[in-house]
Amino acid sequence: MIVLTLAEIAAVVDGRMVPEDAEVAVTGPVVIDSREAGPGSLFAAFVGEHADGHEHTGQAAELGAVAVLGSRPTELPTVLVDDPRRALQQLAAYTVAQVRRSGHLTVVGITGSQGKTSTKDLLGALLGHVGPTVVTRGSFNNELGMPLTALGIGADTRFLVLELGARGRGHIAELTRLVTPDVGVVLNVGQAHLGEFGSREAIAAAKGELVESLAEGGTAVLNADDVRVAAMASRTRGRVVTFGRDQPADVRVEELRLDRLGRASFVLTTPQGPVPVTLQLVGAHQALNAAAAAAAALTLGLTPTQVGEALAAVTTLSQWRMELHELANGVTVLNDSYNANPDSMRAALDALAAIGADASVQRTIAVLGEMRELGETSETEHVAVGEYAAGLGIDQLLVIGEPARGIHRGAEGRDGTATTFVADNDDAVAWLRDHLGAGDAVLLKASRGARLDEVAAALQ
């Protein structure tokens with residue numbers, strides 16, 4: 001964060017300092033979790049249904065926090081406001097505006113039904129090669145996460161890459177009113193949160209708010225392979241750059257190949273010429289995420305050579321996203337347990353099948369749990385995933401929890417695929433410990449609430 005006195009912060013957020021004569025400067029990060037405070041931090045305290053952040057001020061102070069943004073006085077100098085969330089957003093907007101006045105800060109927003117976090121990580125790695133870059137941590141992409149990311153910039157920050165999530169119409173518009181993007185990347189319109197939106201058309205309407213919000217002279221980076229995304233070209237006043245694999249596009253994936261661990265190599269064609277790319281990330285779908293990141297990076301001045309070299313250097317993404325672990329007992333674990341929807345589930349199963357094509361792999365085992373927020377389509381989509389896995393020839397499914405039972409039903413009785421249903425994660429761990437052997441490749445995939453990361457941790 002840029003250095004601000006408590007008096008300056010109070011003025012920005014229309015707050016009141018307690019004590020009124022506090023002479024404090026915030027020189028560290030802004031945090032909403034007292035455990036993440038550090039020297040010079042500002043601790044934003046929220047009152048929730050089950051916890052009151054103000055009660056954790058002491059812990060924040062012990063870790064170095066110097067002030068609080070909250071709704072009641074604390075033991076630290078405090079800026080009092082009626083709505084700490086709104087104040088945090090105001091402070092983020094002010095910070096970005098201040099750094100932008102230097103003339104060199106570029107803001108990129110990324111949205112889509114799936115692939116946001118991976119693409120954000122890839123683009124952050126690309127831009128980090130040419131200048132100081134601040135990127136959304138994990139999937140911290142909502143009305144609190146986006147402002148906290150924006151508050152992480154400093155006076156020398158050149159690029160701010162923001163992942164933007166939405167659970168309804170107007171959510172992205174609200175975020176982009178705070179921080180106007182120069183570049184907006186829309187990846188796809190899928191089925192994630194379909195239960196909340198009601199239709200893909202409603203999802204497209206919400207995601208398209210990003211390209212409608214672009215700054216004057218901005219650029220919309222759109223997926224040419226997704227008809228709903230491609231149609232967003234008519235909704236933006238900015239320049240349009242396209243990426244894709246199946247349709248003609250400005251930046252295009254060609255000659256895609258996978259190695260024995262499902263890692264993609266391809267030729268990336270660009271307006272400046274082709275460049276070979278070899279990813280260290282698992283899954284064919286990462287090639288399209290890389291193309292999206294490349295299209296944005298090329299728009300911002302990187303060369304194809306820089307893009308190819310930087311993409312090849314990326315070894316990890318955010319936690320629990322297509323993490324590949326080769327264990328000492330000869331088992332390969334593909335941990336993609338952070339979240340799931342029907343499209344990302346199929347992409348992960350494709351990656352497992354690609355790994356299983358190698359002669360060294362004895363069995364492919366998909367450990368699958370519930371996909372949440374699918375509304376009335378939930379049962380149908382779970383059954384379809386089971387059918388899809390069986391169609392790929394996955395050797396064994398291990399389906400966890402009653403809400404996911406449809407996956408088991410979809411695969412049951414299909415030649416070449418065995419399927420087992422268990423009640424919970426503990427039963428899944430017990431089954432895996434009894435049945436795994438050297439040469440097995442195991443995928444773990446479910447929505448975040450299923451906590452399949454616990455199963456992965458038990459295996460590792």
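Hydrogens, waters and symmetry mates play no part in the numbers below; they use all other heavy atoms, side chains included. None of these values were measured; they are calculated from a predicted model.
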Can you see whether [X] engages [Y] through a side-chain donor-acceptor pair at a distance of less than 3.5 angstrom?
{"X": "Glu163", "Y": "Thr117", "value": "yes"}
{"X": "Ser344", "Y": "Gln114", "value": "no"}
{"X": "Ser337", "Y": "Asp453", "value": "no"}
{"X": "Ser318", "Y": "Asp121", "value": "yes"}

Side chain to side chain, [X] and [Y], heavy atoms closer than 4.5 Å:
{"X": "Glu8", "Y": "Val26", "value": "no"}
{"X": "Val221", "Y": "Phe243", "value": "yes"}
{"X": "Thr332", "Y": "His325", "value": "no"}
{"X": "Pro304", "Y": "Pro274", "value": "no"}
{"X": "Ile153", "Y": "Thr95", "value": "yes"}
{"X": "Leu144", "Y": "Phe46", "value": "yes"}
{"X": "Leu76", "Y": "Val66", "value": "no"}
{"X": "Leu4", "Y": "Tyr94", "value": "yes"}

Less than 3.5 Å apart, which donor and acceptor atoms pair up between the side chains of residues 99-110 and the rest of the protein, not counting sequence neighbours?
| residue | atom | partner | partner atom | Å |
| --- | --- | --- | --- | --- |
| Arg100 | NH1 | Thr180 | O | 3.0 |
| Arg100 | NH2 | Thr180 | O | 2.6 |
| Arg100 | NH2 | Asp182 | OD1 | 3.4 |
| Arg100 | NH2 | Asp182 | OD2 | 2.8 |
| Arg101 | NH1 | Gln98 | OE1 | 2.0 |
| Ser102 | OG | Val99 | O | 2.5 |
| Ser102 | OG | His104 | ND1 | 3.1 |
| His104 | NE2 | Ala155 | O | 3.4 |
| His104 | NE2 | Thr157 | O | 3.2 |

Write down the atom of [X], the atom of [Y], and the distance for their closest heavy-atom approach.
{"X": "Pro39", "Y": "Thr27", "value": "O-OG1, 4.5 Å"}
{"X": "Met322", "Y": "Ala351", "value": "CE-CB, 3.6 Å"}
{"X": "Asn223", "Y": "Asp225", "value": "OD1-N, 2.8 Å"}

I would like to know whether Arg35 and Asp33 meet salt bridge (charged side-chain N to carboxylate O under 4.0 Å, His left out); could you show each step before the answer? CA-CA 5 Å; Arg35 296 167 296 184; Asp33 185 336; 2.9 Å; yes
Arg16 CZ: over 12 foreign heavy atoms closer than 6.0 Å: no
Over 12 non-hydrogen atoms of neighbours within 6.0 angstrom of CZ in Arg346: yes
So how far is it from [X] [atom1] to [Y] [atom2], rounded to the nearest 0.5 Å?
{"X": "Leu334", "Y": "Ile355", "atom1": "CG", "atom2": "CD1", "answer": "5.0 Å"}
{"X": "Leu122", "Y": "Leu317", "atom1": "CG", "atom2": "CG", "answer": "5.5 Å"}
{"X": "Lys207", "Y": "Lys116", "atom1": "NZ", "atom2": "NZ", "answer": "4.5 Å"}

Under the salt bridge (charged side-chain N to carboxylate O under 4.0 Å, His left out) criterion, do Glu201 and Arg228 qualify, and how do the steps go? CA-CA 8 Å; Glu201 288 67 31; Arg228 291 180 178 85; 3.2 Å; yes
Which residue pairs satisfy the salt bridge (Lys or Arg N to Asp or Glu O under 4.0 Å) criterion with at least one member in residues 70-81, sequence neighbours excluded? Asp52-Arg72
Could you list all the salt bridge (Lys or Arg N to Asp or Glu O under 4.0 Å) pairs where at least one residue sits in residues 54-64, not counting sequence neighbours?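 Not a single pair qualifies under salt bridge (Lys or Arg N to Asp or Glu O under 4.0 Å).
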Report the C-alpha separation of Glu174 and Arg177 in whole Å, then their side-chain angles, then the decisive distance to 0.1 Å, and conclude whether the salt bridge (charged side-chain N to carboxylate O under 4.0 Å, His left out) test is met. CA-CA 5 Å; Glu174 177 186 351; Arg177 279 194 291 270; 5.7 Å; no
Check the pair Arg237 / Glu216 against salt bridge (charged side-chain N to carboxylate O under 4.0 Å, His left out), numbers first and verdict last. CA-CA 8 Å; Arg237 60 182 177 175; Glu216 190 72 33; 3.3 Å; yes
